[in-house]
There are 4 protein chains.
Amino acid sequence: MYPVPIYRELSGRGRKIQATMSHDKLPMKSLRLEALGDGIFAIAMTLMVLELKFPEVEMNTWQNLIHALDLVKYNFLCYFISFIVLGIMWFGHRVMFEYIGRSNRQFIYLGVLFYMVVCLVPFSTRLLAEHPLKWFSILIYGANLSMCNLTLYIQWNYGRRRKSLLEREITHEVNDIATFLFLISPVVYLIAIVFSFFVPLVSLFMFAVTPLIYILPNKIDKFLP
Amino acid sequence: MYPVPIYRELSGRGRKIQATMSHDKLPMKSLRLEALGDGIFAIAMTLMVLELKFPEVEMNTWQNLIHALDLVKYNFLCYFISFIVLGIMWFGHRVMFEYIGRSNRQFIYLGVLFYMVVCLVPFSTRLLAEHPLKWFSILIYGANLSMCNLTLYIQWNYGRRRKSLLEREITHEVNDIATFLFLISPVVYLIAIVFSFFVPLVSLFMFAVTPLIYILPNKIDKFLP
Amino acid sequence: MYPVPIYRELSGRGRKIQATMSHDKLPMKSLRLEALGDGIFAIAMTLMVLELKFPEVEMNTWQNLIHALDLVKYNFLCYFISFIVLGIMWFGHRVMFEYIGRSNRQFIYLGVLFYMVVCLVPFSTRLLAEHPLKWFSILIYGANLSMCNLTLYIQWNYGRRRKSLLEREITHEVNDIATFLFLISPVVYLIAIVFSFFVPLVSLFMFAVTPLIYILPNKIDKFLP
Amino acid sequence: MYPVPIYRELSGRGRKIQATMSHDKLPMKSLRLEALGDGIFAIAMTLMVLELKFPEVEMNTWQNLIHALDLVKYNFLCYFISFIVLGIMWFGHRVMFEYIGRSNRQFIYLGVLFYMVVCLVPFSTRLLAEHPLKWFSILIYGANLSMCNLTLYIQWNYGRRRKSLLEREITHEVNDIATFLFLISPVVYLIAIVFSFFVPLVSLFMFAVTPLIYILPNKIDKFLP
C-alpha cells in the first residue's frame, strides 16, 4: 500500500542493512582498515621481488642463460606461487568488506593479526626459495599460509556475528561458501607438510596447484558482477 | 514544535558538527593525510619483516630447527611486539580522524612529526632484536615508542582545540579516555627503561604486556559499533 | 516532450551506463583494486631507487665527480626509462578504470597477473642497469615490459566484454586507440630484442624513445579534460 | 531577483567552479593521481629509515653510547631534514589538489616527473649522510631538492592554466603565494651550493633552516581551516 522498499532476498547475497546507528556510536567505516590492508598487501607482494636476484654467472650464451634461469627456477616458482596466493587472499579480504562495512577495536586488532602473518609471507617465501625441497622450509611456508587463512577466518567470524559491523546480511549460503574457501587451503597445506617428509616435490606441487581452487570458477561467482 | 533535528548528547561521543565553512576557506579534508599515514604505517609494519632472517645454520633435524628458532626467538618477539604496537597506534590515529575531519598546515606538520617517529620504529626494533637485554637498546626502543605516543598526543591536542578542524564535538569524557590511553604507555616505558639497568628481562616483559592495556576491553569500546 | 536526459553519443567516449544491478549481486566497485594497483606502482617505482648507488670512488674534484657520474650513467638512464614506462602504464591502467567500474573474480585475478609482471620491472631494470649492452638483459627487460602491456591488454579485453563491469560504454573508437597503445610497445620491444644481438646500443635507444609514443599528444587526449 | 548562488570572492581562495563538463570527456578525477603520490611519498619517507644503522661499536657505557650517537649524528640530521622537506612538499602537493580536481595526460606525466625526482631524495640523502660536508654531496642534494620544487611548480603552472582541470578558481593572490613558496627554496639551495665550496657547514645549516620558511606561519594559512 505504501512505497516501502522491499528487498526480497532473491539469493544468498543478503539484504542491504539499513544504517540505524544510535547517536552515541562513531561511524567507524572500515575504509581506512581496507586502505591499510591494501598497502600491506601491495608492499608484501612487491617486497618479494627484492629477493629475486640472478646468480653471478656468465649469461653470454644461450646455454649460460638457460643455466642461469635453471639456477633461479625455484626462486621464480616460489615468487609466482606466493604472489598468486597473496592475490587470492587479497580477493577474499576484499569480498569480506562487501559484507562488513564498519569496524571496532576487536575487528581492527584481528585485522592487524591477519596482516602480521601476511607480512611474514615474503620471509617464508625466501626460506622456501632457498630450500625448496626441505621439510623445514615447507613446514614453515605451509604453516605461514595456513595462519593467513585461519586469522582471516577468525576476523570474518567475529565480524559476521557482530551485527553492528555488517553492511549487508550474510546468508547461510554465503557463510558456507566462505567457510569452505577459508578452511580448504590449510587442510591441503597440512597434507603438503606431511608429504614433505617423504616426497617434498609433491608438497611443492601441492603449493603450486592449491591456487587453482580459487582461480577456477567457483560458487562465489554468482554473487559477483 | 518545529522539526529541528536535536542531537541530544546521549553519551560522550559528541554531536556531529555542522559544516559551516566560510567561503574563503579551503575544505582541506583530512582524507589525504590519513592516506599518507596508512601508507607509512603499512610500510613501517612490512619493512620490519625485511630484518627477519634465519641464521645460517643447518635445519635438517628437529633439534637443529628448534635450535635455529631459538636463535631467532628475540627477533620474532620484537617483531611481534612492534607490529602490535604499530597496530595499536594506527588504531588510535584512526579513531582520532573520526573526530577531526579537516586539516591545516600546523595539523599536517604535527602529523608529519608523528609519522617521522613512527618510521623510526623498524630501526629501533632492529636494535632491540640485536641486543634484546641491553639497557641502551631498551632505552632507545622505549624512547622511540614513547615519542610516537607523545607526538600523536600533541597532534590530537592541537586538533581538538582548533574548532574549524573538528568533524564532531569532543566531550570531556572522550578527551579523558584519550589522554589516559596516550599517556599511560610512555609512563610504563619509562619504568621499563629504569628496570633495564637492573633486570632487562623485566623491561622486555613490560614491552610485551603493555599492548594488553589497549587489546583488553576498555572504555573506548562504548563509542564503537 | 518529457525531460528524459538524452546522452547523445557525441564522441567516442561513450554513454554513462545506468547502474541497473540486480539485488543478488554484490557491488564490487573496482576502487579497492585500483588502490592495490596504486600501491604496487608506487612501491615498484620507488624500489628502483634502492638500486641506485654511487660507486665507491673519490668525488672530490670535478673530474672525479664527472667520472663517477659517467660510471652510473646507465644506471640512471635505466632508472629514468623504467620510471617513465611505469608512469605510462599507470596512466593506461588509470584510464581503464574510467570505463570499468566494477570487478569480479576473473577481472581481479587478471589484475593480479598484471601487477605481478609490473613488480618484476625493478628486477629486470636492475639486470639491464648492470648489463646495459648485453643481449640477455635486453631480452629479459624487453620481455618484461611487453608482458606488462600484454597482461593489461588481456585484463582490458576481459573487462570490456563483461557488460556488468562497465561504468561507461566503450566505443569502437576508444577500443581501437586502446588496442593500438597496448600493442605498439611489445612490437617495438621485439624489434629492440632483435637488434640487441647486433647493435645493442640501438635497443637501448629504442627503449629510451618508445615512451615518446605515449608522451607526445595522441588520440586519447580528446577524451580527457 | 532570482536565486542564483553568488559566491562573492571574499578572499583569494576563489570561487568553486561549476562542473560543466561536456559529455564527450571522461571525468578523470585527480584522486587516483593523489593516491599514487601519497604512496610514493609514504615509501620515500620510510625508505630513508632503512639507511639508518648504528655503527658496530660497543654501546655498553654512556660514553660509548654517546660516541655511537655522535658517529651517526649526521645520518640522523640528514634523515630529519629530508623527512621534513618531504613532508613540506607533500603539503604543497596536497594543497595543489584543492584547486586542481581533474587530470589529463600532460598533467599526469608532469606528476610522474615530480614523483621521479621525489623518489631520488632517499638516494641523495644517503649521499649527503655519508659525506655531509663535501661540496659534491651538497651539490647533488641541493639540486635534487630544487628539482622537486621546480617540477611541482611546472605541474602547478600547467594545471593552473588548463581551465578544464580546475576544481576552484586560482586567484592572483593564491598564485603569487604559491609561486613564492615554490621558488624560494631553489634560490636558497643555490646559495647553499655556492657556500659548499667554501664553508660546507653553512650549507648544511641552510638545509636545516629552510624548512622554517614553510613551518612558521605564512600567508597560505588564511585559506586553511
Side-chain angles (χ1 to χ4, degrees), chain A residues 7-16 31 34-35 37-43 45-54 58-62 64-65 68-69 76 79-80 83-84 86-88 90-91 93-95 97-99 167-168 174 211 214-218 220-225, chain C residues 19 21-48 50-51 100-113 115-124 126-127 130-131 134-137 139-140 162-166:
Chain A
Y7 298 108
R8 281 179 304 121
E9 203 171 313
L10 295 163
S11 81
R13 193 196 64 147
R15 289 175 298 143
K16 186 98 194 252
L31 295 170
E34 301 170 47
D38 291 346
I40 282 175
F41 268 95
I43 300 156
M45 283 162 142
T46 324
L47 278 188
M48 289 188 299
V49 123
L50 275 179
E51 304 296 323
L52 291 178
K53 281 203 176 69
F54 260 114
E58 280 298 309
M59 290 185 281
N60 274 319
T61 66
W62 280 101
N64 285 343
L65 179 62
L69 290 175
F76 273 79
Y79 168 72
F80 288 135
F83 202 98
I84 289 165
L86 286 178
I88 289 166
W90 182 85
F91 174 74
H93 175 252
R94 196 239 164 283
V95 174
F97 285 106
E98 291 281 304
Y99 290 100
E167 176 81 16
R168 87 185 59 244
V174 164
Y214 304 90
I215 289 173
L216 296 176
N218 68 37
I220 221 168
D221 284 344
K222 77 174 179 190
F223 307 124
L224 304 178
Chain C
M21 294 198 63
S22 63
H23 287 303
D24 59 339
K25 297 285 190 190
L26 295 167
M28 289 296 283
K29 292 276 183 194
S30 57
L31 295 170
R32 291 281 310 280
L33 185 62
E34 300 169 48
L36 182 71
D38 290 347
I40 283 174
F41 268 95
I43 300 157
M45 284 164 143
T46 324
L47 278 188
M48 290 187 299
L50 275 179
E51 305 297 323
I100 301 172
R102 296 174 187 280
S103 61
N104 64 9
R105 213 170 44 80
Q106 292 88 330
F107 188 74
I108 286 175
Y109 289 151
L110 290 173
V112 169
L113 194 69
Y115 298 146
M116 189 163 74
V117 285
V118 165
C119 282
L120 287 169
V121 171
F123 170 79
S124 62
R126 183 204 298 163
L127 191 72
E130 281 170 12
H131 308 282
K134 292 284 167 60
W135 63 270
F136 59 85
S137 45
L139 171 67
I140 288 172
R162 185 89 180 189
K163 298 294 177 223
S164 57
L165 303 183
L166 293 184

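Remark: side-chain polar atoms of C/Arg105 are paired, donor with acceptor, to backbone N or O of A/Leu216 under 3.5 angstrom.
In this structure, chain A has a heavy atom under 4.5 Å from the side chain of C/Ile108, while its backbone stays farther away. Interface remark: A/Ile88 contributes backbone and side-chain atoms alike to the contact with chain C (heavy atom separation under 4.5 Å). Using a 4.5 Å cut-off between heavy atoms, C/Leu33 touches chain A through backbone and side chain atoms alike. With a threshold of 4.5 angstrom between heavy atoms, A/Trp62 approaches chain C through its backbone and through its side chain. Interface remark: C/Ser137 contributes no atoms to any contact with chain A (heavy atom separation under 4.5 Å). Using a 4.5 Å cut-off between heavy atoms, A/Ile215 touches chain C through backbone and side chain atoms alike. If you measure heavy-atom distances from A/Phe97 to chain C, the contacts under 4.5 Å come from the side chain alone.
In this view, C/His131 and C/Phe136 satisfy the ring-ring contact (aromatic ring centres under 6.0 Å, His included) rule, not counting sequence neighbours.
Shortest non-hydrogen contact noted between A/Thr46 and C/Ala44 is CG2-N, 4.1 Å. Nearest heavy-atom pair across A/Asp38 and C/Leu36 is O-CD1, 3.7 Å.
When each of C/Leu127, C/Leu120, C/Ile140 is checked for heavy-atom pairs under 4.5 Å with chain A, C/Leu120 comes out on top. Note: A/Asn60 leads A/Asn60, A/Leu47, A/Val95, A/Ile43 in heavy-atom pairs under 4.5 Å with chain C. Comparing A/Thr61, A/Leu31, A/Ile84 by how many heavy-atom pairs each has under 4.5 Å with chain C, the most go to A/Thr61.
With values rounded to the nearest 0.5 angstrom, A/Phe91 atom CZ is found 5.5 Å from A/Ile220 atom CD1. A distance of 12.5 Å separates CE of C/Met28 from CZ of A/Phe223, quoted to the nearest 0.5 Å.
Proximity of C/Tyr115 to A/Phe41: side-chain heavy atoms (C-beta onward) are nowhere separated by under 4.5 Å.
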